[in-house]
Amino acid sequence: MGDFVDLPLYGYFGWNFYLTSQYPNVDWQTQNFAVGGFTTAEVYNHIILCTNPTNRSHYRTADNVAIEIGGNDYIKNVAMLVYMTWKYGDVDRRVTENTRILIRVLRNPSRNKKVLLMGNFPTLAKSPTLGDYPNYFAPFKYFPNGNMFDKALEFEEAKQRQENEEVAASVFQSIITYVAGEFSLLLGYALSLASSIDFYLDQTSINYSNLTGQDDWYWRWHGENVKNPITHAVSLGLMSHQHSLEVMAAEENNYAGTSVYNGVAIQFQPGGVSFLPLYYYFIRHIDAGLGHPYVANKDLYSDPIHVNHIGYYLWSTILARRIVENGWHNLPPQSDYDGEMCRVWNCGKAKKPAYGDTIADPPPPVVIVEPDPIDWIILLCLFTGKCW
């Protein structure tokens, strides 16, 4: 998401502009390392490249890193999510563990970063009030020709009602947390079934192909994904994924002890990890009130996945406040690091570790969930109606 913040048709202006619009008195000096389309494994490779023995003295980065990652891993697995809906839990666990590895990589004492893990965003999905997203969404509808500042005024007024908004967001989060925590094994089925129930549209308008005459929930789910390709299944997955990320971030914040990677012992210290939920601010709240808290607010998006400049402004209202709460906006006094005076630890460079030239990190696997033998049997049952 962050890679598009200064691109035409998306964010246009860059992070310094948006953050300054929230706190004009802060000297925002952001570095944007986001790369569009990167998965968790690719971000890992990016960090390793910047901090290997050849490059580590040339890359200088801030003490504090805010990261939003994982959506592309879900997109890579969208076929699995659509055809084998019960595999949501497997995708969630793998993306969560890969994200945990990224936090450990950044928190490695040789890099010593503080990490703000941001939750993912919803994507456009079937709406109970608007229908299928190809029918209600117009890409690149809004341009920064004054409407951004109109929207900014709306957001400023909304800030006065912020307490109520946050209570509403926490209610949605609590519901999702309960579902994810109590029914994780049935989450895929529960979500697909919930998405198929539409009390607010004429039932005769729903057209889907049931090949077996049975398992109505599955074929309705399949039909909805055909009409709302890729993003419908992804948005549902990212909704439940927020709880997993929050729990994992809390665990990493409390993590202390010695980790051994390839025979190398690394001592981690607790603290320095926090979580910022974003998903619930970007949903279409009228749909959430009807029991569909996974449909993105179309007015905040340039395409079915990426937010527009209005969305970036909203993101900055949430992000800037957390940065200030964390105290990241205050530069520390200068200190001497090996003869160089800097305001960040080791002048922003990764240190050569005491145990060798290469910083020891656990490599994350590429998140591609494969079917198990039982999955093929279940799929055969659903497609043929014969369950022996």
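Hydrogens, waters and symmetry mates play no part in the numbers below; they use all other heavy atoms, side chains included.
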Ignoring hydrogens and angles, state whether a donor on the side chain of [X] or [Y] is under 3.5 Å from an acceptor on the partner side chain.
{"X": "Asn297", "Y": "Tyr281", "value": "no"}
{"X": "Glu68", "Y": "Asn120", "value": "yes"}
{"X": "Thr39", "Y": "Asn72", "value": "no"}
{"X": "Thr61", "Y": "Lys113", "value": "yes"}
{"X": "Thr129", "Y": "Arg284", "value": "yes"}
{"X": "Ser235", "Y": "Tyr279", "value": "yes"}

Heavy-atom count around [X] [atom1] within 6.0 Å, excluding the residue itself: above 12?
{"X": "Asp338", "atom1": "CG", "value": "no"}
{"X": "Ile48", "atom1": "CD1", "value": "yes"}
{"X": "Tyr83", "atom1": "OH", "value": "no"}

Polar side-chain atom of [X] near backbone of [Y] as donor-acceptor pair, under 3.5 Å:
{"X": "Asn52", "Y": "Asn55", "answer": "yes"}
{"X": "Asn32", "Y": "Ala34", "answer": "yes"}
{"X": "Asn308", "Y": "Asp299", "answer": "yes"}
{"X": "Asp63", "Y": "Trp345", "answer": "yes"}
{"X": "Trp315", "Y": "Leu278", "answer": "no"}
{"X": "Tyr18", "Y": "Gly11", "answer": "yes"}
{"X": "Asp287", "Y": "His292", "answer": "no"}
{"X": "Glu252", "Y": "Arg100", "answer": "no"}
{"X": "Asn228", "Y": "Glu224", "answer": "yes"}
{"X": "Glu246", "Y": "Gly119", "answer": "no"}

Do the side chains of [X] and [Y] join up, straight or via other hydrophobic residues, at under 4.5 Å, putting them in one cluster?
{"X": "Ile374", "Y": "Tyr88", "value": "yes"}
{"X": "Leu49", "Y": "Phe38", "value": "no"}
{"X": "Leu236", "Y": "Val226", "value": "no"}
{"X": "Leu7", "Y": "Leu300", "value": "yes"}
{"X": "Tyr294", "Y": "Phe137", "value": "yes"}

Report the distance from atom [atom1] of [X] to atom [atom2] of [Y], rounding to the nearest 0.5 Å.
{"X": "Asn330", "Y": "Ile323", "atom1": "CG", "atom2": "CD1", "result": "12.0 Å"}
{"X": "Met80", "Y": "Asp90", "atom1": "CE", "atom2": "CG", "result": "8.5 Å"}
{"X": "Ser316", "Y": "Trp28", "atom1": "OG", "atom2": "CH2", "result": "9.0 Å"}
{"X": "Asp92", "Y": "Leu238", "atom1": "CG", "atom2": "CG", "result": "9.5 Å"}
{"X": "Ile67", "Y": "Ile47", "atom1": "CD1", "atom2": "CD1", "result": "6.0 Å"}
{"X": "Cys50", "Y": "Phe33", "atom1": "SG", "atom2": "CZ", "result": "6.5 Å"}

For [X] against [Y], the heavy-atom pair lying closest together:
{"X": "Ala233", "Y": "Val78", "value": "CB-CG2, 4.3 Å"}
{"X": "Gly36", "Y": "Phe4", "value": "CA-CE1, 4.0 Å"}
{"X": "Ile283", "Y": "Ala288", "value": "CD1-CB, 3.7 Å"}
{"X": "Ala249", "Y": "Leu117", "value": "CB-CD2, 4.2 Å"}
{"X": "Thr96", "Y": "Ser244", "value": "OG1-CB, 3.5 Å"}
{"X": "Met239", "Y": "Pro293", "value": "SD-O, 3.5 Å"}

Worksheet item: side-chain contact (heavy atoms from CB on, under 4.5 Å) between Gln22 and Tyr313: does it pass, once the steps are laid out?
Response: CA-CA 9 Å; Gln22 306 303 322; Tyr313 183 88; 3.2 Å; yes
Worksheet entry | Lys/Arg-Asp/Glu bridge criterion (N-O < 4.0 Å) met for Asp73, Lys76 | no
With the side chain counted from C-beta on, respond yes when [X] and [Y] share a heavy-atom pair under 4.5 Å apart, and no when they do not.
{"X": "Pro109", "Y": "Gln267", "answer": "no"}
{"X": "Tyr136", "Y": "Leu124", "answer": "yes"}
{"X": "Gln242", "Y": "Pro277", "answer": "no"}
{"X": "Asn225", "Y": "Leu81", "answer": "no"}
{"X": "Pro128", "Y": "Leu290", "answer": "yes"}
{"X": "Phe17", "Y": "Tyr12", "answer": "no"}
{"X": "Lys114", "Y": "Asn326", "answer": "no"}
{"X": "Pro304", "Y": "Ile230", "answer": "no"}

Per-pair distances, 0.1 Å, donor-acceptor, side chain in residues 346-357, under 3.5 Å, sequence neighbours excluded:
from: Asn346; atom 1: ND2; to: Lys349; atom 2: O; distance (Å): 2.8
from: Lys352; atom 1: NZ; to: Asp357; atom 2: OD1; distance (Å): 3.2

Discussion item. Using ring centroids (six-membered ring only for Trp), state whether His309 and Phe143 fall under 6.0 Å.
Written reply: no
Practice prompt. Would you please indicate yes or no on a ring centroid separation below 6.0 angstrom for Tyr44 and His46?
Written response: no
Discussion item. Parallel, tilted or perpendicular, judged at 30° and 60°: which one describes the rings of His222 and Trp219?
Written reply: perpendicular
Worksheet item: Do the rings of Trp221 and His232 sit parallel, tilted or perpendicular, given the 30° and 60° boundaries?
Response: tilted
Practice prompt. Kindly indicate, with the supporting measurements, whether the criterion side-chain contact (heavy atoms from CB on, under 4.5 Å) is fulfilled by Asn77 and Lys87.
Written response: CA-CA 10 Å; Asn77 285 274; Lys87 303 293 280 188; over 6 Å; no
Response to the item:
By salt bridge (Lys or Arg N to Asp or Glu O under 4.0 Å), Lys141 pairs with (sequence neighbours left out) none
Item to complete: Starting from the C-alpha separation in whole Å, work towards a yes-or-no answer on side-chain contact (heavy atoms from CB on, under 4.5 Å) for Arg322 and Ser274.
Response: CA-CA 10 Å; Arg322 176 58 66 85; Ser274 57; 4.2 Å; yes
Item to complete: Report the C-alpha distance between Ile305 and Ile75 in whole Å, list the side-chain angles of each, state the deciding distance to 0.1 Å, and finish with yes or no for side-chain contact (heavy atoms from CB on, under 4.5 Å).
Response: CA-CA 10 Å; Ile305 295 174; Ile75 291 173; 3.7 Å; yes
Discussion item. Can you confirm if the NZ or CZ of Arg104 lies within 45° of the ring axis of Tyr255 and under 6.0 Å from the centre of its six-membered ring?
Written reply: yes
